[in-house]
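What follows is a single structure, written as C-alpha cells, with notes after it.
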Amino acid sequence: MKVASLALPVPVFQEFSYFLPSPLDDTVRVGSIVEVEFHQRLLMGLVCALQVRNEENLKPILRIVPVSPWGEKQMDWAKRLSKIYFLPLGEIAQLFFPPCLPSQWKFLEQRVFTQDGESRWDIPSGGRNLFIFRETFRVSSRTWQKLLKEGLVRLERERTFPQESSFPEKRFFWWRILFTESRRQWCLEMIENAQRERRKILLVFPDFHSLDSFEAFIRKRCPLLRVIKYDSRLSAKKRLLAFRLVEEGEYDLILGTRLALFLPAFDLYYHVIFDPEEKGHFSDQIPRYSALRVLYEKLRIKGGELHVVGIVPPLGIAHFLREGEFEERDFPENNLPKRKTVKTITYESRKQRLVLAPPIREEIARVTAQGASVLLWVQKMGYASALGCGECGFYYMCPDCEVALRYHLDSKFLWCPRCGRKVEPADACPICRGTLWENWGEGLEKVHAEIQTIFPKHHTLRIDSEMFVEGQELLESKTPYIVVGTSAILREELLRRSALLVVVSLESWLYLSDFNAREEFYVKWGKALQLLGVDVALNTQVFVQGSKEAITRMGQFLKSWREFYSEGLEKRRVLGYPPFGYLLRIIGESRNKDACLLVLKSLQEELEKKGMTVIGPFPGSGFRKRGRWKEELGVCFPEQDLEAVFETVVSFLPYRRREGITWDIEVDA
DNA sequence: AGCACGCCGACT
DNA sequence: GTCGGCGTGCTC
C-alpha cells in the first residue's frame, strides 16, 4: 500500500498518514497538494513523504488539487519558515495554497485550444487554461455548448504544471527614497530594466492606499505591462484567477500586499518591499510572520534580488548594512528634505494642568496664522491613561490585567488597553464616596480637546489608527488645520504640507515595555523629520515636549542611523539577542497555574540539559482572560541551535491546546 | 483550528 | 421535557 505523509493546516506539530488509492498512486509525488478528509471536514494538505507499507485504518487521499506541485526549493523555503516561526509546516503551507474553491477545480484541470483561423479569442497555440479562459472571456454556457458542438474549440487535460526556477546569485539592497514621485520614477527604471532582461517583478506595499495609488500610476504609464494586483480585498474567484495567471507566467509585474509573497510566481527575480517597518507587513494573527523576513528567507534559498525601499532603516536592515549583507543605494531625488530646527521643552509646572507648554501654543498660533498646518503626535489613544479619586487616591484598574484602565471621554467608558474590557465609571468613588474625579496622563482626546479650547476657530482633526486618512480631502481644503493623532498621522501627504510637528510627550515613547520601542520610535521620528514641511514655503519647526529626564535623552534621536544603532547593536551582539540570535517566548495560558508551570519547568530542564540559556518561568505579562493564568519561559539562542531548540520545544508542546493549556510561541529574530 | 461530545441552565 | 451555552478532547 502506498502511504503519503501530509502536512495539514492544523495547529499540531505532526504529519498525518493517508493512503493513495490506485488511480492516484503514480500522479501524486512529494510536493503535491492533495485534498483529504480530516476530522469530519475537507482539508488541503502538502505531501511531505511517500512510502510503501501496510497500515490499517488509513483514510484515502481524495484527489489532487490542480495546482503546481512544489519543487525542492519551495519545500525548503516553507520548512525554513516553519522552523524560524515555530509553526507546524501545514500552517505555513496553507499560506501558499490557492483559495479554496473546489467547484472551480474541474476547470483548472483542463486546457482549451481553438481551431486554426478562429480569432474571436486570443488563445495562444499552446492553448489556455480553461479556468482562465472562462474568467477572462466570460462565455455564457449556451455559447460554450455551441462552440464545443461545432468543434470550434477543443479541450485537453491540463499538461504538466510549470516548474520552479531559482537563481544562482542573491543580492540585497537598501534604498533610501523619500518621496512618492521619486519612488515611482525609481520603479519605472526598474521595470524598464526588468523588461530588457525579461525578468519579473513583485512590489509589496504595506497598505491598500499606497498599493492603489501605485497601481493607478503604473497602469497609466505602462499600459502594455501585464500587471497583477493581489490583496485580501479580491473575491475568492478573482484570487484564484490571479493565482492561476501567475502560475502560468502570464504577467510582468505583481503589485500586492504581503499576501502576494505566497503566489506561485516561480520565475520571479526582482522583489521590492516598501517601508518595511510598517505594521501592514506583519501578520498579527497566527501564522505570525514578517513580510521582509519571509522574502529574505526566500532569496537565501531561491536567489534573486531584494530591494528594500524606505526612509530610515529599521534595526534588522541596519544590522545587515553594517555586516555588508545589504548594499546601500541612493536614488537622486528632485525634492530635498527641508532644514528644520528641533526644539526641546520640558513640561510647565504641573499645577497649570495644561498639556501643551506656552511656547508650543504660541508657535501653533504663529504657524496657523501664516496659513500652514500643524501636526501634534500623541502616543496614547483615549482621553487619559487613568481615572481615579482626587481624595483617596483610588484609581480604576483592570481586574484581569492589573493595569490602569484608560479613560475615553467620548464614550464615557473606561477601557483596558490590554484586553479591551469595558467598565462604566461610578458617580462617586467606590472607596471613599468622594466625587472629585481626577485623571492622569494625556491621551489623544485630551490633547485634541485642549487644542479646540485654545483655538476654537481653527480647523482641527483627530486621527487614530482606526480611521483612514483621506489625504486628498485635506489637500483640497485651503484652510490650515491642526491635526492631533497617533502614529497614523505620519503620512507623507500630511507631513509634507505641515510646517510644525509637535511630539506631545517624549517619555510615553521611551518607557514602553517593548524592548524595541526606542528603535521603533527612531524610525518613525526619522521619517517624520525628513518629510516635514517639504511642500510648505515657511520655515519648519519641530517641538519635542517631555519630562526633564526624557529630554536629556533626546540627543540620540538626532544622530544618523549608523550612530544611533551602533550602541544598541553592540549590546545585542554581546547578549546574543536579535538580530544576532533568536529570542523565544513560550507562553502557556491556563486556569490551572501549576499545570503550566509543571510543563514549563520540565521543558526548561530539557533545554538547559542541551546547554541553552533559559529565563523563567515567570508570570506572563499583559492580557489575561478572566480567571486564567499566564506563565512564560524565555529562550535566547544562536542560529546553530535553532534545530535543537525546535525539536525540543515541539516534542514538549505538540499541540497548541491540550489539557486545558493554550500555548503560544512568540519569536523575535 | 474546528468539530464532537458532554454536562448544566432557561424555555416552548 | 429539550435547546444551547461553552469546557475538554481529538484529529491519520
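Within every chain, numbering begins at 1; the chains are lettered A, B, ... in the order of the sequence lines, protein sequences first and strands thereafter.
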* For the salt bridge (charged side-chain N to carboxylate O under 4.0 Å, His left out) test, which of A/Glu158, A/Glu135, A/Glu250 pairs with A/Arg244? -> A/Glu158
* **Residue pair A/Glu109, A/Lys106: steps toward the salt bridge (charged side-chain N to carboxylate O under 4.0 Å, His left out) verdict** => CA-CA 5 Å; A/Glu109 284 167 328; A/Lys106 56 180 181 289; over 6 Å; no
* Flag side-chain contact, heavy atom, 4.5 Å: A/Glu605 against A/Lys609 -> no
Would you list the protein and nucleotides 3-5 of chain C atom pairs, both N or O, that sit under 3.5 Å from each other?
none

Just how far is it from atom [atom1] of [X] to atom [atom2] of [Y], taken to the nearest 0.5 Å?
{"X": "A/Phe16", "Y": "A/Tyr18", "atom1": "CZ", "atom2": "OH", "result": "7.0 Å"}
{"X": "A/Ile84", "Y": "A/Leu584", "atom1": "CD1", "atom2": "CG", "result": "12.0 Å"}
{"X": "A/Phe107", "Y": "A/Ile132", "atom1": "CZ", "atom2": "CD1", "result": "14.0 Å"}

* Asked: A/Arg288 CZ to B/dA1 P: how many Å, rounded?
  -> 11 Å
* To do: State yes or no: are the ring centers of A/Trp105 and A/Phe131 separated by less than 6.0 Å?
  => no
* Do A/Phe320 and A/Tyr296 make the cut of ring centroids closer than 6.0 angstrom? -> yes
* **B/S/- contact track for nucleotides 7-12 of chain C, protein heavy atom under 4.0 Å** => -BBBBB
